[in-house]
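Naming: A, B, ... by sequence-line order, numbering from 1 per chain.
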Amino acid sequence: MRQEFHRLIVETHGKGLNMITRHVCTWVQETGIQNGLLTLWCRHTSASLTVQENADPTVRRDIAEFFDDLVPESRSYIHDDEGPDDMPAHLRSMLTDIQLTIPVMNGSPVLGTWQGIYLFEHRRTPHRREIVFHLLGE
Amino acid sequence: MRQEFHRLIVETHGKGLNMITRHVCTWVQETGIQNGLLTLWCRHTSASLTVQENADPTVRRDIAEFFDDLVPESRSYIHDDEGPDDMPAHLRSMLTDIQLTIPVMNGSPVLGTWQGIYLFEHRRTPHRREIVFHLLGE
Amino acid sequence: MRQEFHRLIVETHGKGLNMITRHVCTWVQETGIQNGLLTLWCRHTSASLTVQENADPTVRRDIAEFFDDLVPESRSYIHDDEGPDDMPAHLRSMLTDIQLTIPVMNGSPVLGTWQGIYLFEHRRTPHRREIVFHLLGE
């Protein structure tokens, strides 16, 4: 049993989903670990992780609209130092995932056929986001 | 330190919570691992996992109504290939859990007295859902 | 590779965020494990865990107001045995996190600069909350 670490940097360009599935699967293969447990940790409070349908781009547009209505920028927030998208970004992070832990079998995360892994950016402006990967196995 | 894998199939019959606590606890005992870390991974984007009160059925009815209002089928979605419950199912999955990781002590997950583990089905029609179990420990 | 367990009790005083970051980091250091995987499990269905900005108290007030509107006590619930905050507490737990799993490097969880770990209390009255810590590593 051994463990491996990695850091992925994702350059984002405004609100929305950034697919990272291929980065994740390639890194798992490169470690040579066949069976184990993979953890992804997003080191931010205004971006998060999520698992969603990996095929249809209309899903991503519906997600964007739904979250804009669920956590509106037009709402009155006390904390708005960095603009109207500041506090909504924190709330969107709380409602989705800051972390994912996925079993690995035969060298691959056990994702379902339609599952893609995304970094979900919640800020309007470009950001440099860091995700820590950890894999424990043999 | 060793690891075990398992796949649970849950046949669902419309929207709602399907308790899997007993399946999970029985499998952990069968592995013979006394102390470790258990991970459950739901391989879908229109069903998810959640931990909720394990006793009162009225809780489950309130949950159903709350989520029907939070993510309504009546909302206008671009992605509706599989019907009005298609896109709401993706959004409900994002708002709940696709994965749970639970410490195991003395042969059992450390669930609280009132905690039950559920597969949360978000589609109207019957589905065959697959959950991967992973246990690492000794 | 070895594993350590711990139980943290948090005495809460009404709805809101209770920071536990220092407790978590101190315990990880005390175990002497340098690199590994840390899991926190909240043993309740009316309190949860979340990662949020660790500096500005106004963020915490905005979070409180947002969740009071998202899951209102004024809504009609079937399950209200323990008062109007009973069922909303269950729903808030489902929408946030019951568990967090964080990679540990060089003796510390890989939290980002602004990330704090919180127990999120959803009930009005004081409660005694229990969180199980599990650390696997070397």
Side-chain angles (χ1 to χ4, degrees), chain A residues 1-3 17 33-41 48-71 91-106 108-118 120 134-138, chain B residues 1-9 36-49 67 69-73 75-82 84 86-103 122-123 127-138:
Chain A
M1 198 75 66
R2 62 187 171 89
Q3 51 188 337
L17 296 172
I33 291 176
Q34 288 297 302
N35 296 295
L37 191 67
L38 171 69
T39 297
L40 311 180
W41 180 265
S48 55
L49 298 172
T50 197
V51 170
Q52 260 309 314
E53 177 144 331
N54 57 16
D56 188 344
T58 62
V59 171
R60 294 159 71 162
R61 287 168 58 195
D62 282 330
I63 289 171
E65 286 190 9
F66 175 79
F67 276 91
D68 280 346
D69 288 347
L70 186 68
V71 192
L91 295 167
R92 284 152 169 255
S93 292
M94 289 181 73
L95 293 171
T96 51
D97 296 311
I98 210 70
Q99 159 257 318
L100 292 171
T101 296
I102 316 173
V104 168
M105 292 178 78
N106 304 318
S108 296
V110 295
L111 296 168
T113 310
W114 304 103
Q115 288 184 320
I117 305 173
Y118 295 88
F120 197 177
H134 173 263
L135 177 56
L136 184 69
E138 57 197 351
Chain B
M1 198 77 65
R2 63 186 171 91
Q3 51 187 338
E4 299 286 343
F5 292 87
H6 182 65
R7 284 172 196 258
L8 176 68
I9 302 296
L37 191 66
L38 171 69
T39 296
L40 310 180
W41 180 266
C42 174
R43 300 189 73 214
H44 305 276
T45 59
S46 55
S48 55
L49 298 171
F67 277 91
D69 288 348
L70 186 69
V71 193
E73 293 193 4
R75 192 183 156 91
S76 171
Y77 301 102
I78 308 169
H79 177 88
D80 58 3
D81 304 353
E82 298 186 17
D86 184 355
M87 193 62 218
H90 293 314
L91 295 167
R92 285 153 169 254
S93 292
M94 289 181 73
L95 294 172
T96 52
D97 296 311
I98 209 71
Q99 159 259 317
L100 292 171
T101 297
I102 317 173
H122 303 304
R123 298 303 306 274
H127 277 75
R128 185 179 161 86
R129 301 302 193 176
E130 184 182 349
I131 306 168
V132 175
F133 294 13
H134 173 263
L135 179 56
L136 185 67
E138 56 197 352

Contacting moiety of B:Y77, where chain A heavy atoms sit under 4.5 Å: both

Chain A contact via B:L95 - side chain, backbone, both or neither, heavy atoms under 4.5 Å: both

Contact class of A:T50 relative to chain B, heavy atoms under 4.5 angstrom: side chain

Heavy-atom check, side chain of A:T101 versus side chain of A:T39, under 4.5 Å: yes

For B:H79, all residues meeting ring pair (Phe, Tyr, Trp, His ring centres under 6.0 Å), sequence neighbours excluded: B:H90

B:L91 side chain near A:Q52 side chain, heavy-atom distance below 4.5 Å: no

Close side-chain approach of B:C42 to B:R129, heavy-atom, < 4.5 Å: no

Polar contact flag, side-chain donor to acceptor under 3.5 angstrom, B:H122-B:S48: yes

Largest heavy-atom contact set with chain B, pairs under 4.5 Å, which of A:D97, A:T96, A:V110, A:L100: A:V110

Euclidean distance, A:L111 CG relative to A:I117 CD1, rounded to 0.5 Å: 4.5 Å

B:M87, part contacting chain A, at a heavy-atom distance under 4.5 Å: side chain

Region of B:L37 in contact with chain A, defined by heavy-atom distances below 4.5 Å: side chain

Atom group of B:D81 that falls short of 4.5 Å from chain A, counting heavy atoms: side chain

Options A:I102, A:D56, A:V51, ranked by heavy-atom pairs under 4.5 Å with chain B, top entry: A:I102

Side chain, backbone, both or neither of A:N54 within contact of chain B (heavy atoms, under 4.5 Å): neither

Presence of salt bridge, B:R2 and B:E4, under 4.0 angstrom: yes

